[in-house]
Number of protein chains: 2
Amino acid sequence: MITKLPQLKHDFTESLSQISRFWGFPKGMGAIFAVLYLSSSPLSLDEIVQQTGLTKGAVSTEVRALARMGLVQRSSKLADRKDYYEAESDFYQSIRSILKERQNSEFDRSLRSVKEMLEKLEAGVVSGNQAEVQFVHERLQALQDFFDAIDSLTRAVVKLEKLGLGNVKSILGVLK
Amino acid sequence: MITKLPQLKHDFTESLSQISRFWGFPKGMGAIFAVLYLSSSPLSLDEIVQQTGLTKGAVSTEVRALARMGLVQRSSKLADRKDYYEAESDFYQSIRSILKERQNSEFDRSLRSVKEMLEKLEAGVVSGNQAEVQFVHERLQALQDFFDAIDSLTRAVVKLEKLGLGNVKSILGVLK
DNA sequence: TAGAACGTTTAGTACTTACTAAACGCAGTA
DNA sequence: TACTGCGTTTAGTAAGTACTAAACGTTCTA
């Protein structure tokens, strides 16, 4: 059974849409990236519109979000008013961008507030049953340690310019 | 300025709600976990209801989801018909559970379908402009390699029984 | 057997969000 | 100046989701 290339591409955009939605991004975003990722040349906004079936407005906003995250690059041709977009093909680069983007969010604000609670506990300015205060202190400290470990690990991964099977193997060795 | 313990707990549940929502979970789920995490003894469903302000129905379903993910444990006392819940305090354990849970999802189905596309390309049953087919083949292969690397890394982390600053330091060393 | 004390399920609601359609602004061109 | 070809913005919509209120089923007890 022969499969036609356009059909294959279409299936791929559907898969990436699912993956995108799974990670909390709009599914249209995944579709746009899929189309760009499988294109050997940069595409204009209208070409993306045509290949995804989305409207111009949607593509306009989503593609800008993708660019902000560093997942696509915007370019232009001389004597051509259109914008052209192409997918970042280095996924390690992409991941780094996404993580960086996420760090400046409300998520980080919540982490900071946990930190502030710990500081209060350490300063001894929390009133209540002392045994319970102690218990809460320990739990929050454990949580904080966990966050710190994850944070370090993330930073380490972000610093990599390439994460290949080689690195992973060495990591596995260390963790043994 | 003295802070009362209940106030501190309340702030904490708010923070965890945010974090929960950020990662794509219902915010009530985060609130429930927060209450359990800061309680030194297992809580009944009604106690959770009282401390979170959610309704029994909501707590019932959310707490079951948490249990399925391994983030809380359900227990019961002899001669007491109530169910009691307590938070898993080992986050590494929790992460492992969550990742395991996620692996059986639609996300994995999407990954498999990418794999099938690659197999078709390798079997040469895809028709179309040969240069383009070749290009698509390379891109999909790169994507697959990336997924494999991430997968190995995840499995490695999942296998750890503890991820401490020590491990992270060693990883950092290797990746240097 | 009636009733109480649980947890679960269901029907409905308020809210969010991804999207569409269309108006808009802005630059280049006749 | 009007027109055309762009990308952007906005107003509105359809669908999903987290929740509430209340009915329900079950098991123990009086």
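- Counting to the nearest Å, the P atom of C:dA27 and the CG atom of A:Leu78 are 19 Å from each other.
- A side-chain donor-acceptor contact under 3.5 Å links A:Gln141 and A:Asp145.
- The shortest side-chain heavy-atom distance between B:Phe25 and B:Met69 falls under the 4.5 Å cut-off.
- Each salt bridge (charged side-chain N to carboxylate O under 4.0 Å, His left out) pair with one or both residues in residues 121-137 of chain B, not counting sequence neighbours, appears once here: A:Lys9-B:Glu132.
- Listed nucleotides D:dC19, C:dT9, D:dT8 differ in distance to A:Lys56; the shortest reach to its side chain belongs to D:dT8.
- Looking at heavy-atom distances under 4.0 Å, B:Gly57 makes contact with a base.
- A close approach under 4.0 Å does occur between a side-chain nitrogen or oxygen of B:Lys82 and OP1 or OP2 of C:dC6.
- Among the nucleotides D:dT20, C:dA21, C:dG7, the one closest to any side-chain atom of B:Asp83 is C:dG7.
- Between D:dG7 and A:Ser60, no contact under 4.0 Å exists linking OP1 or OP2 to a side-chain N or O.
- In this structure, A:Asp80 places its CG atom 19 Å from P of D:dT4, rounding to the nearest Å.
- Atoms NZ (B:Lys27) and P (D:dT20) sit 9 Å apart, rounded to a whole Å.
- Rounded to an integer number of Å, the gap from CD of A:Glu62 to P of D:dG7 is 16 Å.
- Contact annotation: B:Arg21 side-chain N/O to D:dT17 OP1/OP2 distance is not under 4.0 Å.
- Within 6.0 Å of atom NE2 in B:His10, 12 or fewer heavy atoms from other residues, nucleotides or ligands are found, so the atom counts as exposed in its surroundings.
- Between the CG atom of B:Leu66 and the C1' atom of D:dA18 there is a distance of 14 Å, given to the nearest Å.
- Summarising the geometry, the separation between CG on A:Leu54 and P on C:dT17 is reported as 19 Å, rounded to the nearest angstrom.
- Within the 4.5 Å cutoff, side-chain heavy atoms of B:His137 are placed close to those of B:Leu118.
- One interatomic measurement links the two molecules: CD of A:Gln18 to P of D:dG16, which rounds to 13 Å at whole-angstrom precision.
- In the set D:dT8, C:dG7, D:dT20, C:dG7 carries the atom at the smallest distance from any side-chain atom of B:Arg74.
- Distance B:Arg64 CZ to D:dA18 P: 15 Å, rounded to the nearest Å.
- Below the 3.5 angstrom threshold, one finds no donor paired with an acceptor across the side chain of A:Arg81 and the base of C:dG28.
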